[in-house]
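Data first, discussion second: the structure below is written as C-alpha cells.
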There are 2 protein chains.
Amino acid sequence: MRTTITDVAKQAGVSMKTVSRVLNNEPNVAKATRERVMEVADQLDYSPNLAARGLASSRSYLIALLYDNASPSYLTNIQRGAIEACRQQGYHLLLEPMTAAQTESEEAERILRRMNVDGAILTAPLCDLTALRNSLTRLDIPYVAVGPQDADEGAAVRMDDQDAAFQMVKYLIDLGHRDIGFIAGDPDHASTRHRRAGFDAAMQDAGLHAGTDRVVQGDYTFRSGLEAAKRMLEDPTSRPTAIFAANDDMAAGVLSAANRLNIAVPDALSVCGFDDTPIARILWPQLTTVAQPIHQMGRKAAEILISRDKRRDPATHTFDYELIIRGSTARAGT
Amino acid sequence: MRTTITDVAKQAGVSMKTVSRVLNNEPNVAKATRERVMEVADQLDYSPNLAARGLASSRSYLIALLYDNASPSYLTNIQRGAIEACRQQGYHLLLEPMTAAQTESEEAERILRRMNVDGAILTAPLCDLTALRNSLTRLDIPYVAVGPQDADEGAAVRMDDQDAAFQMVKYLIDLGHRDIGFIAGDPDHASTRHRRAGFDAAMQDAGLHAGTDRVVQGDYTFRSGLEAAKRMLEDPTSRPTAIFAANDDMAAGVLSAANRLNIAVPDALSVCGFDDTPIARILWPQLTTVAQPIHQMGRKAAEILISRDKRRDPATHTFDYELIIRGSTARAGT
DNA sequence: TTGTAGGCGTTATCAT
DNA sequence: ATGATAACGCCTACAA
C-alpha cells in the first residue's frame, strides 16, 4: 500500500488536516510543526494521490495541449516549455490532438468533457476556430491561445508575425532586391494573413509592387513550396531575385526547386523562410529565417493557466522574434 | 454543478451501480436497462469524473510517455500512435521528459511517484537505463520499452535495427560500391550498436573490409555527421564511394559536407540515412533511408499497457522496417 | 439482473 | 494553530 496522508499524520503526531496544510503551503501552521511534517513526509517518500486530491478539490492538476497537425518541431517546443511550467507547480501535461473537423462536430466536445483538465493550451490553427472556443467556454475550461489570432477575447500568447515578415522583406530590399516573390501559407491559418500583410506593407513602403505572379498560394508544406517555386522560376527570362516563403518547409521546397533548375542560391536567388525549424540549419545553404521563442510561449501559456486565479496576469503576452541571417540570402546581383 | 452518476441514475430510474455497470460495459445488465441508461447519459451529456473513478478503482486512466531528447518527428509519431490507442479505451497520454541524469538521482523517482499513472511507455535512450527500470518496478508501474534494447526482460516493442542496417549496406554493395563509409550514432544508444553490427555483418558477408578511417563515431546530430563526413572526404585521393550514416540528421550532414566540397551526390558519392524523418524528403537529393513504423510502435506500446491484465499479450513485438530508395544513392562509378 | 453500504485519499467546513 | 468530520464521485463487495 502506498503511504497516505494519514501515515504521515500519525508518524508526525498531528492530524491529517495539518499535514494537508503544510503540503499546500497554507498559512496558520507553526514553523516547528511544518518542519516536522516536511521531514516525515520526505522520509516516508510520501506524495499525494492526484486522484484523491482532484476529487476533493475539484482540480485535476492536469493541463491539456490541444493541437492539430502541428509541425513536429513546433509541437515539441511548445511541449517542452509547457512542461517546464507544469513541473514547477505539480501539474502535468495531457496531449490532445484534434482535427478542425472534430471541433465542429459533437466529438470535440465529448473529448473535452472526458478529459477533466484544469485548463487548455490551444495552438496554431485551433485558436481560430470559434466552435472550439465556444465548446471550451461552455464546458468552463479556461484556455490560452498560442499564436497569431484575430479574436481579441481571452488570454493569448503571441508573436507579431506581421512585423517579423515586414522586417524580413525590408532586409531583402536593403540587400538590393527589387523583384521579390512571396509564397503564402495555408489560408486557414491566421498566420498566413499576417505574414502576407507584412510582405505587402514592406513592399509598399519601399515603393515596390509585386505582380500577381510573384505571390503564390502555398499551404505550409514542403511540396507546396516546391510547386510554387517551380512556377515562379520556370521562365528564365523573368525570375525574382529573392523568394520569401512563409515558413521553413516551403523555403526548403524553394531550395529544392532551385537545385533542380540549377539556380545558384544565394548567388542568383536569395531564399528565406520563417520559424527557424531544425531544417533551417540542415539545408544547404543554411536558411535565413525568423526565429520565434516557441518554447517560451509554451511556458508562458501554461503559467497563465496555472496562476489564473492567483495573480491577475495581463491576458495577452507578445513575444519578440529574431531575424536569423544565414547563407541563403545575399546582396542582389552578386 | 456537473452531472454525476447519481443524476443519471435518478433520471433513468435505476441505482447508480447499474449506471456504473453500463458505463463500464460490465455484464449482467438487461438490454432494455442498458439502452435506457445510455440514452439518459447521452442526453445529460454525462461523462464520468476521472478523479473519482481513479480514486475508487485505483486506476488513473493515464499513461505516461517517458522520453529524453528524442527527435521531434520521432516523438510526435510515437505520440500519435499512443494517443490513438488511448482514445479508444478512454485513456489519456501524459508527457514526461526525463534526462538520463535524473534517472540516476532521486529526482526521476519523485517525478514518477507524483504522476500516478497506470503505465509508462519508455522510448529510445531511456529503455536502456537500468536505474529507471528499477524505479518503475519498485513503484509498481508497468512499462513497455520502445526501441532496440538488450535486456530481454519486460514488454517491448522493437524493430530489427541490425537487420535493417545489414540490408541497407547490402543494397549499396549490390550497386557496386566497395569502399563504404559508416557514421555511427551516439554510443549511449543501443541502436548505435545494432546498426553498426549490421554494417559490419554486411561488409564481412561480401568479403569487404572497412578501414578504421571508414568508420567514424558521430552522435546522431547533424553537426556530427557534417564533421565525420568532412574527415572522411577531405583527402580527394582516397574517398569512399558511399557513406551510410546511422540516422537522417547525420546523413544530412554528409550531404552538406559534400556540397561544401563540391562532390556530386549521388554521382560521385552515394549517401543514405536511417529513420525516414521528414528531412529525408526535403533534402536534395532526397535521401535513401530506412523507414520504421514508429507510429504503429507507439500504438502497440499503449495497447499492451492498457490490456495488460486482460489478454496475455506476448511480451515483445517486432515490427518490420522498409528500405526507402530515393535519389541520394546510385550505382557506383556512374 | 439489480441494489446497498462502505471506502478510496484528499480537501473544505466548522469547531476548538 | 490545530483537529474532527463531512463531502467529493465513483467502484468493489456483498446482498437480494
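The chains referred to below are lettered A, B, ... by the order of the sequence lines, with proteins before strands, and numbering in each begins at 1. Side-chain atoms are counted along with the backbone in the values below, which use heavy atoms only and exclude waters and symmetry mates.
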Tell me the interatomic distance from [X], atom [atom1], to [N], atom [atom2], rounded to whole angstroms.
| X | N | atom1 | atom2 | answer |
| --- | --- | --- | --- | --- |
| Asp7(B) | dC10(D) | CG | C1' | 13 Å |
| Ile5(B) | dC8(D) | CD1 | C1' | 14 Å |
| Arg21(A) | dG3(D) | CZ | C1' | 7 Å |
| Leu50(A) | dG9(C) | CG | P | 14 Å |
| Arg34(A) | dT2(D) | CZ | C1' | 13 Å |
| Asn25(B) | dC11(D) | CG | C1' | 15 Å |
| Asn49(B) | dA7(D) | CG | P | 18 Å |
| Leu55(A) | dC11(D) | CG | C1' | 12 Å |

Inset, instruction - Decide whether a cation-pi geometry holds between Arg53(A) and Tyr61(A); the criteria are a distance under 6.0 Å from NZ or CZ to the six-membered ring centre and an angle within 45° of the ring axis. - result: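 Flagged: Arg53(A) positioned over aromatic ring of Tyr61(A).
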
Inset, instruction - Would you kindly check if the NZ (Lys) or CZ (Arg) of Arg133(A) is within the cone defined by 45 degrees around the ring axis of Tyr143(A) and under 6.0 Å from the six-membered ring centre? - result: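 Pair Arg133(A)/Tyr143(A) does not count as cation-pi.
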
Side chain of [X] only, heavy atoms from C-beta on: which candidate in [options] is closest?
| X | options | answer |
| --- | --- | --- |
| Glu26(A) | dA12(C), dG9(D), dG3(C) | dA12(C) |
| Val29(B) | dT2(C), dC10(D), dT12(D) | dT2(C) |
| Lys17(B) | dT2(D), dG3(C), dG9(C) | dG3(C) |

Inset, instruction - Could you say whether Met16(A) or Pro27(A) is positioned toward the 5' end of DNA chain D, judged by the nucleotide with the nearest heavy atom to each? - result: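 Per heavy-atom nearest nucleotide, the more 5' residue is Pro27(A).
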
Legend entry - Whichever of Ser57(B) and Ser57(A) has its nearest DNA chain D nucleotide further upstream toward 5':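 The answer here is Ser57(A).
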
Counting just side-chain N and O atoms, does [X] come under 4.0 Å of either OP1 or OP2 of [N]?
| X | N | answer |
| --- | --- | --- |
| Thr18(A) | dG3(D) | yes |
| Asn28(A) | dA1(D) | yes |
| Thr33(A) | dT2(D) | yes |
| Asn24(A) | dT11(C) | yes |
| Arg53(B) | dG9(D) | no |

Legend entry - Short N-O contact, Glu96(B) and Arg87(A), less than 4.0 angstrom: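 A salt bridge is present here (some side-chain N lies under 4.0 Å from a carboxylate O).
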
Inset, instruction - Give a yes or no on whether a salt bridge exists between Glu303(A) and Arg299(A), defined as a side-chain N under 4.0 angstrom from a carboxylate O. - result: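 So Glu303(A) pairs with Arg299(A) through a salt bridge.
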
Inset, instruction - Using five pairs at either end of the helix from dT1(C)-dA16(D) to dT16(C)-dA1(D), determine the angle between the two local helix axes and round it to 10 degrees. - result: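 Both end axes considered, the difference amounts to 30°.
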
Establish, from distance only, whether the side-chain atoms of [X] and [Y] form a donor-acceptor pair under 3.5 Å.
| X | Y | value |
| --- | --- | --- |
| Thr99(B) | Asp68(B) | no |
| Ser191(A) | Tyr220(A) | yes |
| Gln79(A) | Gln79(B) | yes |

Inset, instruction - Could you say whether Ala56(B) or Gly13(B) is positioned toward the 5' end of DNA chain C, judged by the nucleotide with the nearest heavy atom to each? - result: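 Its nucleotide being nearer the 5' end, the pick is Gly13(B).
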
Inset, instruction - Have a look at Tyr46(A) and say if it touches a base, only the backbone sugar-phosphate, or nothing, with a 4.0 Å heavy-atom cut-off. - result: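 Contact class for Tyr46(A): sugar-phosphate only.
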
Inset, instruction - Answer with base, sugar-phosphate or nothing: what part of the nucleic acid does Ser58(A) contact at a heavy-atom distance below 4.0 Å? - result: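 Contact class for Ser58(A): none.
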
Inset, instruction - Heavy atoms only: give me the nearest Thr103(B)-Ala108(B) pair and the separation to one decimal. - result: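 Taking Thr103(B) first and Ala108(B) second, the nearest heavy atoms are CA-CB, 3.4 Å.
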
